[in-house]
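Quick caveat, the model's predicted, so the values are computed rather than measured. Every chain is numbered from 1, with letters handed out A, B, ... down the list of sequences.
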Protein chains: 2
Amino acid sequence: MTSPGESGTSIQRPAKRRRAATIVDVARMAGVSQATASRALNGSARKVKQENVARVLEAAQQLNYVPNASAQSTRRGDRSTIALIISEVTDPYFSWIAEGVIERAELEGMHVTVSVTKREASRELELIRLFRSQRSRAIIIAGSPRGSGEVASEIRAELEAYEADGGRAVDISESGMPFDAVELGNRRGARALAQSLLGLGYLRFAVIAGPDERGAAEDRVLGFREGLAAADIELAPSQVLRGAFSWEGGHTVASEMNASLIEQTEVVFAVNDMMALGALAALRSRGVAVPADVALAGYDDVAPLRDTVPALTSVRIPLKQVGAQAVELGLSERGARTAVRSVESSVQLRASTPARH
Amino acid sequence: MTSPGESGTSIQRPAKRRRAATIVDVARMAGVSQATASRALNGSARKVKQENVARVLEAAQQLNYVPNASAQSTRRGDRSTIALIISEVTDPYFSWIAEGVIERAELEGMHVTVSVTKREASRELELIRLFRSQRSRAIIIAGSPRGSGEVASEIRAELEAYEADGGRAVDISESGMPFDAVELGNRRGARALAQSLLGLGYLRFAVIAGPDERGAAEDRVLGFREGLAAADIELAPSQVLRGAFSWEGGHTVASEMNASLIEQTEVVFAVNDMMALGALAALRSRGVAVPADVALAGYDDVAPLRDTVPALTSVRIPLKQVGAQAVELGLSERGARTAVRSVESSVQLRASTPARH
DNA sequence: CTGTTAGCGCGTTCAG
DNA sequence: CTGAACGCGCTAACAG
């Protein structure tokens, strides 16, 4: 909160009109009717005399005319923007999905508006309502925190209403909601990771999981459990630590992790890379060497985080592709049943989980 | 590109009406006039009988009514959303600014729509036009690539037109454009970094800069030069390497960096952290040890990138605060002159630049 | 307190 | 090919 601070050397600003030019102004200036102006500006079916087109375009240029998007879509019933709802902008998991969504949408000539829930279901509900009211073409939701509470069913109802009005909801997750979805294969990926780690000779595990048992991230815990079960290994409750889905979350969990638990653990699996990195930092500052004292694996395999030291074992998800597929679903014709796309993930073994002798 | 893939077990979707309910539907159902319905829904000045309010709300609920945002703003001339234009979503520099913008905007009850230029000026122009047409309350631009070309002046004209129509443009950078701005102190910060490095005993420098001499990042090169000049050290052209503003950019530059140049260099300054990390990875794979063989510094001090090994020296900018201030400017009354806010940055010396002997 | 009427800015019939 | 007139969904005047 700095003070207003008007810089002394700053530039004078030209003061002009206050109201934006409308198509009527353009028409008047061009000396044609408003209808003709409209036709000239957005090549309608009807033809307009070349000369008039030129005059209108000239006038528009002159007046710096831009159509009023609200009025336009009021009239046309437009649905020309895609809404993307994510939990957190600064989390690379979400920003890579966003990248994919934006790129693919642009290819289709659509614009994307990104908004953030901060993992609050109430905010998600509010946003869905907003986009419904804005007549967005599709609403893509990545990482909804909704479990089964009060708000959760309101959200579902809102999305159903949105679809009833002709919108398209696309879920990025594992959820069995009645909407189209892009599945990340979290469960399968985590199972594969567990098996890979077993293959490397690890036998004693701990998991750094999300704050509660809701959401798609929990599928990673589940899958990991299943993978271990194949070797008759179970995860005791004390071996599943919970924290926020962030660097800080992983850091906190690892900082507070019981020393004897660390002692007994050969490898820690954090359900996403950010948490893994937080844990890595915390372990390091506790004097616990990774991977010498304890190995570490993450999930998502987010690009710039790959080259930590030691390099982090993770499960790669083609996040950009996930975003792109969500757009494709959102733009496709809606069938009678929900459509599901899924992507392949792959275990990336690196230095943070060396083979155990 | 996966095939449509309709999952067999997927859920049946309820098919309903196709047109969204309007306020007329609500009014009819409640048995009141459309005007009363409007008043009941958004508590206007006039009072409405309690019973009617209840009937209207009930009907709205029943019909799953949501106001048509376009029609609403067509009528009210609304300006209730803030537009944020950034270069890249996946770059933490921008996503942290976005975080600040979104949080602060939410405090003011405004929504933010984020969009991305991919550093293409033409795309920036298109977006500004879009937001002008959408009557956004303010347009906040972070990291505009605009230099002085053809598009650059079009962009400027577009922004001026936008302001003439009552919008507010806010620039996040160092630019001397006639718009309000949040200054990052790039030049000052880079100068301070140079001086700190000199203080540590470094005498031979190289810089990894942006792809060209446009934009705010170039101020960092300039400031760095100024800092060195104080010790009578100049940066030869061969000591300024240019690459893309990304991990890949830094990686490429460092990969292709002349071996003898590395030999002669004591410390490399990359104009942002992402590039620094890319360079770090490249150097490492070339067998050049950091900081033993060459030291390394970045800029921005972006959060989750701090705990690399070695920890990266950088210049911290309070990015969230920058975003917040941009919102404050965008929402403030416009004065006759452009307003400028500035934030303090601070050099963070870490293991990647140890003191020399 | 309410209903009727008049626009907001635009695209689009329907006559010329 | 063009203009006059209408209506999208909504809010805000104006009369009751």
Side-chain angles (χ1 to χ4, degrees), chain A residues 17-57 59-60 63-80 129-130 132-136 165-166, chain B residues 17-57 59-60 63-80 129-130 132-136 165-166:
Chain A
R17 71 180 184 290
R18 198 73 192 184
R19 196 182 61 82
T22 77
I23 201 173
V24 177
D25 302 325
V26 174
R28 181 165 29 217
M29 184 169 200
V32 298
S33 78
Q34 181 253 35
T36 307
S38 170
R39 294 194 272 252
L41 288 169
N42 40 41
S44 112
R46 306 259 171 285
K47 297 276 181 193
V48 177
K49 205 201 304 174
Q50 267 311 318
E51 187 199 323
N52 278 340
V53 174
R55 294 172 60 88
V56 168
L57 260 39
L63 293 171
N64 249 315
Y65 169 77
V66 167
N68 181 321
S70 302
Q72 232 170 208
S73 17
T74 303
R75 182 58 235 244
R76 316 182 63 148
D78 248 15
R79 285 186 178 283
S80 58
R129 208 163 267 156
L130 173 72
R132 181 149 88 91
S133 132
Q134 289 184 176
R135 306 293 187 262
S136 302
D165 294 349
Chain B
R17 72 181 182 289
R18 198 73 193 187
R19 196 183 60 82
T22 78
I23 201 173
V24 178
D25 302 326
V26 173
R28 181 166 28 217
M29 184 170 199
V32 298
S33 81
Q34 187 245 51
T36 306
S38 170
R39 293 194 272 254
L41 288 170
N42 40 39
S44 121
R46 306 259 173 286
K47 296 278 181 192
V48 177
K49 203 203 303 175
Q50 265 313 317
E51 188 198 322
N52 279 341
V53 174
R55 293 172 62 87
V56 170
L57 261 40
L63 294 170
N64 249 314
Y65 169 76
V66 167
N68 181 321
S70 302
Q72 233 169 206
S73 25
T74 301
R75 182 60 234 242
R76 317 182 61 149
D78 249 14
R79 285 187 178 284
S80 57
R129 206 163 268 154
L130 173 72
R132 180 150 91 88
S133 133
Q134 288 184 177
R135 307 292 188 263
S136 301
D165 294 348

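- Contact annotation: B:Y65 does not reach the phosphate of D:dG9 (side-chain N/O to OP1 or OP2, under 4.0 Å).
- Taking side-chain N and O atoms only, B:T74 has no distance below 4.0 Å to OP1 or OP2 of C:dC8.
- A 4.5 Å side-chain heavy-atom check between B:R19 and A:D165 finds every atom pair outside the cut-off.
- DNA chain C is contacted by both B:R135 and B:Q50; B:Q50 maps to the nucleotide lying nearer its 5′ end (nearest heavy atom per residue).
- Contact of the B:L63 side chain with the B:M29 side chain is registered, since non-hydrogen atoms from C-beta on lie closer than 4.5 Å.
- The base of D:dG3 is paired with the side chain of A:R39 by a donor and an acceptor separated by under 3.5 Å.
- Distance A:R76 CZ to C:dG11 P: 7 Å, rounded to the nearest Å.
- Between the CD atom of A:Q34 and the P atom of D:dG7 there is a distance of 15 Å, rounded to whole Å.
- Put simply, B:N52 has no side-chain N or O that comes within less than 4.0 Å of OP1 or OP2 on C:dC1.
- B:N42 has its CG atom 9 Å from the C1' atom of D:dC10, to the nearest Å.
- Side chain to side chain, B:S70 and A:S70 fail the donor-acceptor criterion of an N or O pair below 3.5 Å.
- Stem analysis of DNA chain D (at least three stacked-register Watson-Crick or G-U pairs, each with both distances under 3.5 Å) gives C:1-3 with D:14-16, C:5-16 with D:1-12.
- Counting heavy atoms from C-beta on, the side chains of A:T36 and A:K49 never come closer than 4.5 Å.
- Put simply, the side chain of B:L57 reaches to within 4.5 Å of the side chain of B:L41, judged on heavy atoms.
- To the nearest angstrom, P of D:dG9 lies 17 Å from CG of A:N68.
- Side chains of B:P67 and B:I23 form no contact here, defined as non-hydrogen atoms less than 4.5 Å apart.
- Note on A:Q72: a side-chain N or O is less than 4.0 Å away from OP1 or OP2 of C:dG11.
- At whole-Å resolution of the value, CD1 in A:I23 and P in D:dA5 are 18 Å apart.
- Of the candidates C:dC10, D:dG3, D:dG9, the closest approach to any side-chain atom of A:T22 belongs to C:dC10.
- Separating the CZ atom of A:R55 from the P atom of D:dC1 is a distance of 17 Å, rounded to the nearest angstrom.
- Taking the side chain as every heavy atom from C-beta outward, A:R129 and B:V66 approach each other to under 4.5 Å.
- Distance from the side chain of A:K49 is smallest for D:dT2 among the nucleotides D:dG3, D:dC10, D:dT2.
- Atom CZ of A:R28 and atom P of D:dT2 are 19 Å apart (whole Å).
- Among the nucleotides C:dG7, D:dG9, D:dG7, the one closest to any side-chain atom of B:R75 is C:dG7.
- Residue A:S38 places at least one side-chain N or O closer than 4.0 Å to OP1 or OP2 of C:dG11.
- Between the side chain of B:D25 and the main chain of B:T22, a donor-acceptor pair closer than 3.5 Å is present.
- B:L63 has its CG atom 14 Å from the P atom of D:dG9, to the nearest Å.
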